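Working notes, beginning with the structure itself.
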Amino acid sequence: MAESHRRLAGRVVIATHNAGKLEEMRGLLAPYGVDAVSADDLGLPEPEETGGTFAENARIKAVSAANASGLPAFADDSGLCVEALGGAPGLYTARWAGPEKDFMAAMAKVEEGLRDAQATIPDLRRAYFISALCLAWPDGHLEDFEGVVEGTLVWPPRGPAGFGYDPMFQPDGHSRTFGEMTGAEKHGLPPLGRGLSHRARAFMALAEACLGARFD
Ligand SMILES: O=c1nc[nH]c2c1ncn2[C@H]1C[C@H](O)[C@@H](COP(=O)(O)OP(=O)(O)OP(=O)(O)O)O1
Ligand SMILES: [Mg+2]
């Protein structure tokens, strides 16, 4: 049997350089009384994401931050996977926005791809977000979690909230995009819901394993 889950307490590094993601991860951790510091607060470098999977990239980021800080570190690697685009942008979701991090341009690129695919694909606008979370300790202990949310891509994008591709993504069962939801609605944690966003769903598994949470 695998080593049992390890309880997270005290200080933890949120190993991201994305402000939108950082805010979400701070919010998710807030109820658990851990002292969360960001990679930017500690001046940690941004490692190259050379992994071939979301889980590998999450590990690279978490292990890099744990080793550099001597603290447990929590990283997310995530992306938007579009069925009609053969799973793209997928692992390259951040890179589609370019060095300028122009997500309006990145969303337009997705939409153009859908227009090109139109004739052949029945479920043209289906997509999902995936989040791989890794919690890494300086002694090498690792915990991995994953969450997915399925939905539909809308055009034009709607809503000022969130970050990245949020204004284009309408989760199944909802009439608003993530860009039209508050942070709490996008998380959809109990008692509001059963977990909605990919990141919230992955985090719920982490919270049950490592933070003593119970979601029944
Ligand atoms: O909930 C989300 N709502 C909208 N867009 C999202 C979401 N979750 C991931 N995404 C997009 C943003 C980024 O372009 C890419 C993840 O790339 P990813 O490398 O994991 O993050 P990142 O480079 O922005 O920050 P960092 O690596 O420092 O954590 O997927
Ligand atoms: Mg990244």
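All values derive from a computational prediction rather than experimental measurement.
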Subject >> Side chain K61, main chain D76, donor-acceptor under 3.5 Å >> reply: yes

**OP:** Answer yes or no: does atom OH of Y92 have more than 12 heavy-atom neighbours from other residues, nucleotides or ligands under 6.0 Å?
**Re:** no

**OP:** Check whether any side-chain heavy atom of F129 sits under 4.5 Å from a side-chain heavy atom of Y165, and report yes or no.
**Re:** yes

Original post:
Going from CZ on F203 to OG on S131, what distance comes out if it is rounded to the nearest 0.5 angstrom?
Top reply: 11.0 Å

Original post:
Side chains of M107 and W155: does their closest heavy-atom pair fall under 4.5 Å?
Top reply: yes

Original post:
With side chains defined as the heavy atoms from C-beta onward, is the minimum distance between F74 and L29 less than 4.5 Å?
Top reply: yes

**OP:** Could you tell me whether Y128 atom OH has more than 12 heavy atoms of other residues or ligands within 6.0 Å of it?
**Re:** no

Original post:
Taking the side chain from D166 and the backbone from F178, do they hold a donor-acceptor pair closer than 3.5 Å?
Top reply: no

Original post:
Any donor and acceptor pair, going by atom type alone, linking the side chain of E23 with main-chain N or O of G27 inside 3.5 Å?
Top reply: no

**OP:** Please determine if E111 and R125 form a salt bridge, counting it only when a charged side-chain N lies under 4.0 Å from a carboxylate O.
**Re:** yes

**OP:** Using modelled atom types only, decide if a donor and an acceptor are shared between the side chain of E208 and the backbone of A205 within a distance under 3.5 Å.
**Re:** no

Original post:
Under a single-linkage definition using a 4.5 Å side-chain heavy-atom cutoff for Ile, Leu, Val, Met, Phe, Trp and Tyr, are V148 and L189 assigned to the same hydrophobic cluster?
Top reply: no

Original post:
Does D172 pair with R126 as a salt bridge, N-O distance under 4.0 Å?
Top reply: yes

Original post:
When rounded to the nearest 0.5 angstrom, what distance separates CZ in R59 from CG in L135?
Top reply: 11.5 Å

Original post:
Do side-chain atoms of R158 reach the backbone of P167 as a donor and acceptor pair under 3.5 angstrom?
Top reply: no

**OP:** In plain terms, say whether R11 and D41 are close enough for a salt bridge, that is, a side-chain N and a carboxylate O under 4.0 Å apart.
**Re:** no

Original post:
Just wondering, are more than 12 heavy atoms of other shown residues or ligands nearer than 6.0 Å to CZ in R194?
Top reply: no

